[in-house]
Each structure stands twice: as structure tokens, then as C-alpha cells.
Amino acid sequence: MEIKVVRKVLDANEKMAEQNRALFKDKGVFVINVMSSPGSGKTTILERTLNNIMPGIKTAVIVGDVSTTHDADRLAKSGAPVVQVNTDAFGGDCHLAAHVIENAASQLDLDNIDLLIVENIGNLVCPAEFDLGENLKVVVLSVTEGEDKPVKYPLMFRVCDSAILNKIDLLPYLDYEKDLAVESIRKIHPDMPVFEMSAKTGDGFDAWTDWLKRCVSEK
Ligand code: MG
Ligand code: ZN
């Protein structure tokens with residue numbers, strides 16, 4: 001019974017996602033969906049990404065949180081149009097769904113946007129199941145989390161197109177085995193690009209933005 005209900009929700013989401021995909025394609029907007037657990041540094045990565053790729057790539061952001069506009073306020077400083085979605089208005093969902101993206105995107109001037117970045121709600125479980133109509137999915141992991149996160153949350157690492165290993169500036173202070181984390185990602189998704197970086201210091205950042213720029217230009 002319960003499985004049936006979940007199936008229905010996901011089927012309805014899939015339909016809406018296809019509709020979003022058609023709209024974004026029609027408008028020439030490339031869409032990426034950035035996911036991670038809370039506190040991995042998504043917003044800091046996006047702040048630096050926006051500063052790096054704009055104004056060359058006209059970028060907008062949809063940022064999801066259960067509550068507050070803190071992340072949107074930070075990202076709006078870049079000059080990019082930002083729409084904050086708070087899910088506490090509709091039950092505090094722990095993921096963004098396709099209809100939420102449709103609604104948020106309707107507040108943006110898609111004709112003037114090349115790249116739409118979705119910062120999903122901090123959660124490694126259900127965001128992996130909800131197609132938003134995006135072109136690429138990216139997962140962020142930080143070195144303050146367990147090296148075995150990828151094998152614990154395999155679906156997320158299976159569905160994503162690239163992974164970012166963030167906060168490498170902290171490695172000297174931690175007993176973190178970076179190679180083990182990368183190996184753990186490879187176990188789930190052998191050929192996925194992994195970008196090791198510090199969004200704080202900018203170390204390793206160019207490989208990520210070079211990849212992103214290439215993806216956007218090849219759209
Ligand atoms: Mg954030
Ligand atoms: Zn959820």
C-alpha cells in the first residue's frame with residue numbers, strides 16, 4: 001500500500017520533470033542540481049562558482065531549504081537572480097520536487113539565463129529520487145563526513161554525474177582518509193569525475209568550473 005503511494009508520487013514527479021526539461025531546452029537553459037548532506041559547503045561552493053563563471057555565463061539559482069532565506073541572501077550578493085524555496089510552507093519536505101522547480105522557475109526570466117543552478121535541500125536520501133528536469137546532478141561530500149558515505153548512500157552517488165570532495169584545506173587537522181573516500185565513490189560510480197577542492201581557499205576549484213563551463217557550452 002505504502003509502496004504504491006510512493007510510486008504514484010514519483011510517477012507524477014517524473015511527468016512534471018519531463019515538462020520542466022522541455023521548457024528548459026526550449027529556453028536554452030542548462031540546469032544542474034547540486035545535492036549533499038547539510039553542512040558540506042554547497043552554498044560556499046556556489047558563491048565561488050558564481051563569482052568565477054559570471055558574467056560570461058548568465059546564471060540564476062533556485063535554493064531550497066526547509067526554512068530561512070540565509071543561503072539566498074548570500075548567493076544574491078553575486079548579482080545572480082536567486083529564488084529561495086522554503087518547504088516548511090508545504091509540510092517541510094526534505095527534498096525539492098519537480099513542481100516546486102516549475103513554480104520557482106516561473107519567477108525567473110529564462111530567456112536571459114544560460115545556466116540554472118539548483119541548490120537542493122541538505123539530504124543524501126530522497127533528493128536522489130526526485131528528477132527535477134535537470135541536465136546534470138552533482139553531489140558534494142566534505143572531508144568532515146565519513147569516508148564511507150558513498151557506500152552508505154549509493155543511490156545518490158549512482159545518479160550523479162560528478163562529485164565534489166570539499167574542505168580539503170581541513171585535511172591536516174583530521175584523520176580523514178581521502179583515498180578511501182574516493183575509492184568509496186569509485187565503488188558505486190567508477191568513471192564519475194571527482195573534484196577535490198576547498199571552496200574556502202579556492203584550492204582545486206578551477207577543475208570544477210572548467211568542467212562546468214564545458215558542460216554548459218556543449219549543451
Ligand atoms: Mg546551503
Ligand atoms: Zn525528502
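Residue numbers run from 1 in the order of the sequence given. Every number for a ligand or one of its atoms is a count from 1 in the order of the listing.
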Of all the N, O or S atoms in Asp71, which one sits nearest to the Mg ion (ligand 1)?
OD2

Please name all residues satisfying side chain to side chain contact (heavy atoms under 4.5 Å, CB included) with Ser198, sequence neighbours left out, ordered by chain then number.
Ile168, Asp169, Lys200, Thr201, Asp203

Donor-acceptor side-chain pairing of Gln84 and Asp65 below 3.5 angstrom:
yes

Does one side chain, of Thr43 or Glu119, offer a donor that lies under 3.5 Å from an acceptor on the other?
yes

Hey, does Ile45 have a side-chain heavy atom less than 4.5 Å from the side chain of Trp208?
yes

Between Cys94 atom SG and His95 atom ND1, the angle centred on the Zn ion (ligand 2) rounds (to 10°) to 140°

Which atom, counting only N, O or S, brings Glu119 closest to the Mg ion (ligand 1)?
OE2

